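Presented below is the structure to which this report refers.
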Amino acid sequence: MIKKRLIEILSEVWSEIYPEVNIKNSFVVKEPPKNIDADYASNICFQGSKIIKTSPIKVAEEFIKKLESSESKKIISKVFIAGPGFLNFVLNREVFCSEILRVFTLKKYFDLNIGDGQKVLIEFVSANPTGPLHIGHARGAAIGDSLARVLKKVGFAVDKEYYVNDAGNQIDVLGKSLEIRYKQLLGEKIDLPDGYYHGDYITDVAKKLLSLDKKDLGLDFRKIILDEMVLVIKNDLKKFNIEFDNWFFESSIFEKNVENQSKLDEAIEVLKSRNYIKNVDGAWWLMTNDFGDDDKNRVIIRNDGRPTYFATDIAYHKNKLDRGYDYLVDIWGADHHGYVARLKASIEYLGNNPGKIKIILYHLVSLLRGGEKVAMSTRSGEFISLEEVIEEVGSDATRFSLLMRDGNSPLDFDLELAKKKTNENPVYYVQYAHARINSILKNAKNEKINTDFSEINLDFLSQNLSEKEDLILMKAILNYADVLVLCAKEFSSHHITGYLLDLAGKFHNYYAKHKIVDKENQNLTRTRLFICELLRQVFKDALELLGISAPESM
RNA sequence: GCGUCUGUAGCUCAGUUGGAUAGAGCAACUGCCUUCUAAGCAGUGGGUCAGGAGUUCGAAUCUCUUCAGACGCGCCA
């Protein structure tokens with residue numbers, strides 16, 4: 001981590017000049033704008049001048065004097081002031097070379113272990129099992145799955161879980177919908193009422209039942225359709241390259257244990273014993289208003305004794321924590337944002353630090369067809385299924401376009417556009433770069449060029465870097481670590497797509513400018529192939545975090 | 001009415017504790033395949049960062065305000 005080293009050096013120099021002024025964490029080191037010919041730049045002099053009230057330029061001059069007499073010369077070959085007082089640094093090439101060799105030999109992009117083996121449960125999708133997944137579910141699915149991969153990468157022990165709402169009224173209605181379709185197929189004249197599920201997939205299941213030749217109306221339609229829908233959803237997710245570690249059924253919250261207590265009873269008991277619920281008008285209310293963020297108290301047990309959805313959800317989250325997870329991550333559509341405060345309150349009331357739960361909201365996807373909004377409803381059976389979209393657009397392209405955006409931004413997904421531009425989708429730009437590199441390495445191998453790089457050392461590498469672009473590529477490879485750390489910090493993987501597009505652009509540019517395999521110059525060829533190999537690894541690694549394939553040829 | 005989020009190029013969107021001349025893809029236009037994959041490269045045009053005020057060396061980014069849009073404010077799930 002070169003940046004980190006540079007920050008340390010600057011901090012040290014600063015404390016030598018102004019020992020009484022603490023500058024720590026108040027300045028940045030980043031890459032300068034394109035027009036400035038330096039590796040890194042820092043605003044430390046602005047931050048410093050703010051504190052000690054002199055001009056940034058004066059601070060900068062002082063700073064450079066001190067820097068040049070320090071040990072840092074081994075790393076920094078040139079420093080200069082630019083603009084209103086930025087410090088720009090040119091580093092010795094050996095610094096980049098040794099860092100890149102370290103990455104290559106350790107096969108790790110950074111030495112931090114952010115997660116430190118802590119257990120994280122990430123719950124996402126959790127769509128009602130009343131029909132196939134549609135494109136609206138896909139965003140949460142892509143975001144959750146990718147975040148799980150990123151968190152795993154930075155050292156968390158991650159489990160992915162799907163919460164199946166199999167206990168509510170909607171499943172009863174779903175079961176009845178199947179029963180009516182089944183009877184219709186048997187020739188009965190019954191209409192399927194409004195408010196029942198009208199999708200064709202119900203009829204398909206009914207037909208399947210008929211073909212089993214069990215014309216028995218005593219069938220458990222509710223269970224049959226529920227099992228069938230869970231299978232359908234699993235299958236949809238599989239096509240989207242997502243597999244869950246665990247499927248948690250809401251109904252299990254109501255199951256009694258040997259002491260005749262359900263998970264729900266246990267949760268209510270805890271809340272009662274801690275005096276966070278009270279009875280008003282025959283109903284039990286959780287005092288979420290006291291927590292601060294929520295604006296009113298919430299009913300958890302109705303006055304007829306039935307629990308609300310919120311009560312079940314509290315019991316579910318209590319169960320997650322009971323299973324020993326250090327952190328819980330929930331991925332929700334932004335339409336549930338009003339629910340965040342009360343859930344956090346309940347976590348605290350159960351006796352846990354509400355910081356243990358992280359709720360990621362993503363804006364809903366508006367589905368358009370040729371600029372026109374498409375209304376979707378699972379009940380009416382009018383929706384575009386995820387399966388259809390994957391078939392038309394492809395899983396890779398769908399995931400990439402959903403992951404390109406920050407979850408906080410609303411997103412329009414135009415089917416016509418997505419279909420039409422299949423070959424112009426940014427994902428192919430990135431995949432193409434990977435395929436090209438792969439092909440170069442393969443060709444080199446066929447030409448009997450040595451593609452084993454384990455013996456490349458610092459001297460060889462720094463002597464054979466010939467073009468400015470070699471260094472640009474190396475720096476870009478080293479930046480991957482920062483991107484991963486940023487994604488883990490922000491719980492968002494959309495920085496990866498941006499990074500990949502940038503990296504692909506840099507490679508395509510390089511490819512057009514320089515011939516990588518040059519038989520006249522073996523050392524140069526070897527150096528460039530080495531950089532290609534590293535690029536290939538980074539592309540593959542990053543694409544995998546997005547759940548997108550890295551094709552060897554296209 | 002209250003609350004959360006959003007408003008950046010014709011379109012879809014990036015922009016990392018405030019930083020130097022605000023970026024990418026698509027769309028439009030101009031060049032580049034006898035040479036490791038043209039799903040590519042190079043270049044041109046395109047901007048009141050929704051409007052206004054403030055904070056400071058410096059604002060797309062922070063504060064206030066106006067406008068526009070999405071969503072939420074159940075003893076629904």
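Order of the sequence lines sets the chain letters (A, B, ...), proteins ahead of strands, with each chain counted from 1. Values in this document were obtained by computation on a predicted structure and should not be read as measured data.
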Exercise. What is the nucleic acid contact for A:Val28, judged by heavy atoms within less than 4.0 Å: base, sugar-phosphate only, or nothing?
Worked result: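 The answer is base, as A:Val28 lies within the cut-off (heavy atoms under 4.0 Å) of a base atom.
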
Problem set entry | Sugar-phosphate, base or nothing in reach of A:Gln47, heavy atoms under 4.0 Å |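 The answer is base, as A:Gln47 lies within the cut-off (heavy atoms under 4.0 Å) of a base atom.
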
Exercise. Is A:Phe86 stacked on the base of B:A20, with ring centres under 5.5 Å apart and planes under 30° apart?
Worked result: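 Aromatic stack with B:A20 present for A:Phe86.
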
Any donor-acceptor N/O pair under 3.5 Å between [N] base and [X] side chain:
| X | N | result |
| --- | --- | --- |
| A:Asp335 | B:G72 | no |
| A:Asn408 | B:U6 | no |
| A:Lys296 | B:G74 | no |
| A:His337 | B:G3 | yes |
| A:Asn88 | B:A20 | yes |

Quote, to the nearest angstrom, the [atom1] distance that separates [N] from [M].
| N | M | atom1 | answer |
| --- | --- | --- | --- |
| B:C49 | B:A14 | C1' | 13 Å |
| B:G15 | B:U8 | P | 14 Å |
| B:G7 | B:U21 | P | 24 Å |
| B:G10 | B:G45 | P | 15 Å |

Exercise. Side chains of A:Lys296 and A:Thr288: closer than 4.5 Å at any heavy-atom pair?
Worked result: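 They are not in contact (no side-chain heavy atoms under 4.5 Å apart), so the answer is no.
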
Using the six-membered ring wherever Trp is involved, compare the ring planes of [X] and [Y] and label them parallel, tilted or perpendicular (cut-offs 30° and 60°).
| X | Y | answer |
| --- | --- | --- |
| A:Tyr163 | A:Tyr316 | parallel |
| A:Phe539 | A:His434 | perpendicular |
| A:Tyr339 | A:Tyr309 | tilted |

Would you please confirm or rule out a distance under 4.0 Å between OP1 or OP2 of [N] and any side-chain N or O of [X]?
| X | N | result |
| --- | --- | --- |
| A:Arg342 | B:C73 | no |
| A:Tyr309 | B:A77 | no |
| A:Arg302 | B:A77 | yes |
| A:Asn509 | B:A42 | yes |

For this session: Report the residue (A:Leu501 or A:Tyr511) whose heavy-atom-nearest nucleotide on RNA chain B is the more 5′ of the two.
Result: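 Final value for this comparison: A:Leu501.
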
Problem set entry | Residue mapping more 5' on RNA chain B - nearest nucleotide basis, A:Pro410 or A:Ile301 |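 The residue whose closest nucleotide sits nearer the 5' end is A:Pro410.
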
Exercise. Where the side chain of A:Ser493 meets the backbone of A:Ile496, is there a donor-acceptor pair that is under 3.5 Å apart?
Worked result: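 Answer holds: no.
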
Exercise. Within the side chain of A:Thr398, is there an N or O that forms a donor-acceptor pair under 3.5 Å with the backbone of A:Ile390?
Worked result: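 The answer is no, because no donor-acceptor pair under 3.5 Å joins these two groups.
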
For this session: Taking syn as within 90° of 0 and anti otherwise, name the glycosidic form of B:C33.
Result: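 Base orientation: syn.
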
For this session: Hunt down the Watson-Crick or G-U wobble partner of B:C62, both distances under 3.5 Å, from any strand shown, or write none.
Result: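 Checking every strand shown, B:C62 finds its partner in B:G54, with both distances under 3.5 Å.
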
For this session: Could you please name the partner base of B:A27, counting Watson-Crick and G-U wobble pairs only when both distances are under 3.5 Å?
Result: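 Base partner found: none.
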
